[in-house]
Amino acid sequence: MVLMNLNRKKFLIICLVSMQLLVFLLFFLATPSDSLNPRRQRFFGTSSENVKPRRSVGNETCPECATISTTKRKIAANKLKRAPPIFQGPTNDRQRAIVAAFQHAWAGYKKYAWGHDELLPVSKRFEDPFQLGLTIVDSLDTAIIMGLETETREGVEWIRNSLNVSPAKSVNVFETTIRVLGGLLSGYHLTGEEALLEKATKLGDNLLNAFTKSKSPIPKSDVDLGTGAAFSPNRGYSSLAEATTLQLEFRDLSVLTGDKKYEETAFKASEHVHKAKCAEHDGLCFYHIDENGEFKKTAITLGARADSYYEYLIKQWLQTRKSIDWLRDDFLQSMKSIKNHLYRQSQPSGLWFIGEISENRDFYPKMDHLVCFLSGSLALSHLNGLDENGEHLEMAKKIGQICHKMYQNPTGLGPEIIHFNIENRTEDVSREDSYVKSLDSHSLLRPEAVEAWFYLYRVTKDPKYQEWGWSAFEAIEKYAKVETGGYSSIDNVLRKKVRRRDKMESFFPAETLKYLYLLLTDDQEILPLDRWVFNTEAHPLPVYN
Ligand code: DMJ
């Protein structure tokens with residue numbers, strides 16, 4: 001009897017200990033540690049060595065996805081939330097110089113334009129075309145990626161306490177989506193700050209008016225964020241890029257909120273263009289669409305008004321984990337047609353460039369600085385198995401090269417537009433391959449060339465791309481830096497005696513400096529391209545199921 005009682009006691013003790021162990025084990029597995037909890041590591045600096053996005057927690061079926069959130073806003077069950085990556089700050093002196101440039105830009109903006117859209121650095125004033133604190137929201141994720149704690153905190157606090165996403169103001173839907181919505185979403189993914197998602201959701205609701213008030217799936221180009229009125233001031237037209245460069249951001253918002261309306265509504269515009277086929281130029285589309293969804297015959301270009309349509313074909317395909325085949329097919333078709341119709345060589349040296357087809361159907365040898373983005377899309381195609389014979393990478397390199405050529409002039413800065421000679425006139429030996437018209441000779445410090453070199457460097461690891469980026473940065477420092485704070489667009493890249501245009505575009509800190517920083521890092525694992533898709537304003541958004 002005693003023996004039995006003893007055994008029973010032993011048995012009970014063993015059971016108790018095992019249960020405790022089990023409870024402890026379960027607790028350990030289910031609770032994210034401090035370092036994995038986004039809410040506990042709002043601001044992060046230079047201390048961590050781990051720059052990869054960290055392991056997500058809590059969703060066994062989807063290792064990329066994280067725990068389902070039950071926040072005050074009852075964010076829906078399929079909200080994706082992965083632990084924000086940690087950024088270690090600059091890894092070398094060149095990167096440190098880029099960070100110092102970002103801080104100089106931020107400091108100038110803070111001193112003379114804080115809370116307004118854009119800094120006029122020479123006159124020390126500001127402009128407010130959006131009334132959304134554009135520069136703060138657009139450049140916040142650059143500060144985060146650079147590991148800048150103070151600037152990150154200032155930006156997040158301003159957004160949380162002062163950003164009104166419903167001002168009585170008419171804004172361009174495309175610009176607001178790529179810069180502000182994209183900036184808020186990316187900032188949210190990189191910090192886990194709920195305020196950013198709350199503002200993004202309200203802004204998304206306001207922007208949706210552009211779709212719901214249109215007769216067709218093509219959104220109106222402008223919306224009044226306060227009243228919700230929507231209109232297309234350019235004679236009823238939206239541009240191709242305006243209608244088809246909203247989908248990465250709206251889809252991301254749907255995934256985060258669990259509300260499909262954003263993704264579904266915006267995607268209808270992409271589907272509309274897909275169904276239109278743009279057959280006249282084998283998948284290259286005219287750049288104006290009216291509110292009935294009809295294309296108007298225009299020039300065919302890869303530059304202004306059309307560019308990011310092509311970019312979002314491949315980037316949407318990647319964002320959705322390669323699950324929507326027609327996005328891939330339309331991308332491939334359009335790249336083939338670009339090669340056939342727009343990709344030409346200059347004379348006398350045979351430099352490859354991307355031209356346009358004018359309204360009267362002639363080839364027009366003109367290339368916008370904006371077109372340099374194409375190199376990145378082609379490099380992404382190569383990285384993702386769409387480039388069996390290496391043609392896309394070859395084209396990407398040629399475009400990267402011609403974009404470098406754009407910077408070969410007295411200031412070392414790139415002009416807005418470049419023209420090429422294509423006629424083979426052997427008698428005229430002094431002719432140059434390219435020239436810049438005086439009206440096109442300004443520089444807004446745009447990002448597309450450094451963006452191209454960033455992608456090319458990721459794919460090839462050829463150090464010349466870093467050198468090209470560094471030279472462009474040195475030219476920016478020399479000619480565009482305003483001593484009292486900020487950087488200015490300049491009037492003529494062909495003259496060393498520069499005249500400043502008195503404007504710091506928000507994409508300079510948001511994109512140009514971000515791509516320079518990412519191009520020059522020793523750690524090319526930062527924001528890996530198989531896990532992040534950069535929107536057209538360089539805001540990284542996650543790839544998900
Ligand atoms: C940015 O706003 C975006 O990169 C857009 O896609 C094109 N124009 C500017 C930068 O040049």
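Note that ligands are numbered from 1 as they come in the structure, with each ligand's atoms numbered from 1 the same way.
- Protein heavy atom closest to atom 10 (C) of ligand 1, with residue, atom name and distance, is Glu448 OE2, 3.2 Å.
- Heavy-atom neighbours of Lys336 NZ from other residues, nucleotides or ligands within 6.0 Å: at or below the threshold of 12.
- Ring orientation note: the planes of Trp326 and His274 are close to parallel, at an angle under 30° on the 30°/60° scale.
- Between Pro540 and Asp141 the shortest heavy-atom distance is CD-OD2, 3.3 Å.
- Less than 4.0 angstrom separates some heavy atom of Arg179 from each of these atoms of ligand 1: 2 (O).
- For ligand 1 and Thr536, the ligand atoms under 4.0 Å from any heavy atom of the residue are 3 (C), 4 (O), 5 (C), 6 (O).
- The local environment of NZ in Lys339 is sparse, with at most 12 non-hydrogen atoms from other residues, nucleotides or ligands closer than 6.0 Å.
- Residue contacts with ligand 1: Glu311 is excluded, as none of its non-hydrogen atoms falls under 4.0 Å.
- At least one N or O atom of Arg446, backbone or side chain, sits closer than 3.5 Å to an N or O atom of ligand 1.
- Using a 4.0 Å cut-off to heavy atoms of Leu370, the atoms of ligand 1 that qualify are 7 (C), 8 (N), 11 (O).
- With a heavy-atom cut-off of 4.0 Å, Glu511 touches ligand 1 through its side chain alone.
- Gln466 places a side-chain N or O within 3.5 Å of a backbone atom of Leu519 that can act as its donor or acceptor partner.
- Cation-pi geometry between Arg344 and Phe420 is not satisfied (NZ or CZ under 6.0 Å from the ring centre, within 45° of the ring normal).
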Worked verdict on Lys220 versus Glu291 for salt bridge (Lys or Arg N to Asp or Glu O under 4.0 Å): CA-CA 7 Å; Lys220 304 260 188 182; Glu291 25 195 331; 2.5 Å; yes
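- In this structure, atom 2 (O) of ligand 1 lies nearest to the protein heavy atom Glu537 OE1, 2.5 Å.
- With a heavy-atom cut-off of 4.0 Å, Pro447 touches ligand 1 through its side chain alone.
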